[in-house]
Amino acid sequence: MPRLKSCQYCGRIHSTAFDCGKKPKKKYRYKRPDADSFRNTNQWKRKRDAIKERDHYLCQVCIRGLYNPVKVFNTEALEVHHCDKIRENFEKRLDDDNLLTVCEYHHKKCDSGEIPKEVVKKIILEQMSGIPPGGGILGGPVSGT
């Protein structure tokens, strides 16, 4: 015998298998992951590690002696910076020409705009073309100790 129950949508009593038509239909939509959930994916973790390897596990701003470097060969607190923010351009989130290894100090400067986006793009171009730091687009040799 079918189980009878009071329907919370129409107020009548009917079988639990019966559709009274008042119950709202579920809407299934593909939800694109946002920036925060993207950073927890294995896809991002693999790409982040590949970019750090490409950049020899060094802050690419410090090694060029730009913007008050922490030290020339900085390998501490490394992060991967998105030149075009994930929220602004989700399609470029995994593009090599949009990612750069920087220390935590310079990452904050990049995000705040203290380091212009054009400078970050030039550093990325140097890295991708294999130009040694200081020997290309951005000027002279690295100085400091």
Side-chain angles (χ1 to χ4, degrees), residues 3 5-11 14-145:
R3 190 168 158 220
K5 190 173 179 184
S6 173
C7 179
Q8 68 182 23
Y9 303 103
C10 70
H14 52 75
S15 168
T16 54
F18 177 74
D19 184 6
C20 65
K22 301 278 184 178
K23 182 177 179 179
K25 303 290 183 216
K26 288 184 180 180
K27 294 180 182 177
Y28 293 101
R29 293 188 322 233
Y30 169 74
K31 184 181 174 192
R32 188 172 80 176
D34 63 356
D36 294 328
S37 62
F38 166 71
R39 286 189 177 92
N40 293 323
T41 64
N42 287 330
Q43 187 181 26
W44 166 243
K45 291 173 184 175
R46 284 191 300 272
K47 177 56 83 170
R48 180 189 62 200
D49 293 342
I51 294 299
K52 286 181 182 179
E53 187 174 334
R54 176 196 76 187
D55 294 341
H56 306 291
Y57 298 95
L58 294 168
C59 173
Q60 295 302 307
V61 178
C62 286
I63 198 166
R64 287 169 173 77
L66 303 171
Y67 300 96
N68 303 319
V70 177
K71 56 185 179 181
V72 177
F73 299 108
N74 188 2
T75 60
E76 298 168 12
L78 295 178
E79 300 173 352
V80 176
H81 172 67
H82 284 88
C83 191
D84 292 333
K85 304 284 178 238
I86 296 173
R87 287 179 176 86
E88 296 169 6
N89 196 344
F90 192 78
E91 289 71 36
K92 292 193 75 169
R93 70 193 181 281
L94 294 170
D95 292 353
D96 288 354
D97 63 350
N98 188 44
L99 300 169
L100 184 68
T101 304
V102 291
C103 63
E104 182 180 18
Y105 171 74
H106 284 119
H107 198 181
K108 288 178 184 172
K109 286 187 170 280
C110 289
D111 285 340
S112 70
E114 290 180 58
I115 300 177
K117 193 177 199 177
E118 296 77 32
V119 171
V120 175
K121 285 281 188 192
K122 288 178 183 178
I123 294 172
I124 293 171
L125 283 173
E126 284 183 359
Q127 278 305 103
M128 292 186 68
S129 62
I131 298 171
I137 303 166
L138 292 173
V142 176
S143 61
T145 55

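Fair warning: this is a prediction, and the values are worked out from it, not measured in the lab.
- Taking all atoms of both residues into account, the shortest heavy-atom contact from R54 to Q127 is O-NE2, 3.7 Å.
- Two residues are said to be in side-chain contact when any heavy atoms from C-beta on lie closer than 4.5 Å; H14 and C20 meet this criterion.
- Distance check, rounded to the nearest 0.5 Å: NZ of K122 to SG of C83 gives 12.0 Å.
- Between R39 and I86 there is a side-chain heavy-atom pair separated by less than 4.5 Å.
- In plain terms, the two heavy atoms of C103 and C59 that are nearest each other are N-SG, 3.2 Å.
- H106 and N68 get closest at one heavy-atom pair: NE2-O, 3.9 Å.
- Put simply, the side chain of Y105 does not reach to within 4.5 Å of the side chain of P69, judged on heavy atoms.
- F90 CZ to R93 CZ: the interatomic distance, rounded to the nearest 0.5 Å, is 4.0 Å.
- Using the six-membered ring where Trp is involved, H82 and F38 have ring planes that are perpendicular, over 60° apart on the 30 and 60° scheme.
- The NE2 atom of H56 sits 10.0 Å away from atom OG1 of T101, with the distance rounded to the nearest 0.5 Å.
- We find the NZ-CD distance between K23 and Q8 to be 8.0 Å, quoted to the nearest 0.5 Å.
- Dense packing is recorded around NZ of K45, with more than 12 heavy atoms of other residues, nucleotides or ligands lying under 6.0 Å away.
- No side-chain heavy atom of L99 sits under 4.5 Å from any side-chain heavy atom of D95.
- Looking at every heavy atom in both residues, I63 comes nearest to L58 through CD1-CD1, 3.5 Å.
- The heavy-atom pair separating D36 from R87 by the smallest distance is OD2-NH2, 3.6 Å.
- Under the rule for a salt bridge (Lys or Arg N to Asp or Glu O under 4.0 Å), the partners of D84 that lie at least two apart in sequence or sit in another chain are K92, K117, K121.
- A donor-acceptor distance shorter than 3.5 angstrom exists from the side chain of Q60 to the backbone of D55, with no hydrogens or angles considered.
- Each of D49, I51, L100, V102 was checked for a side chain to side chain contact (heavy atoms under 4.5 Å, CB included) with V80, and the lone residue meeting it is I51.
- Here the shortest heavy-atom pairing between D96 and K47 reads OD1-NZ, 2.6 Å.
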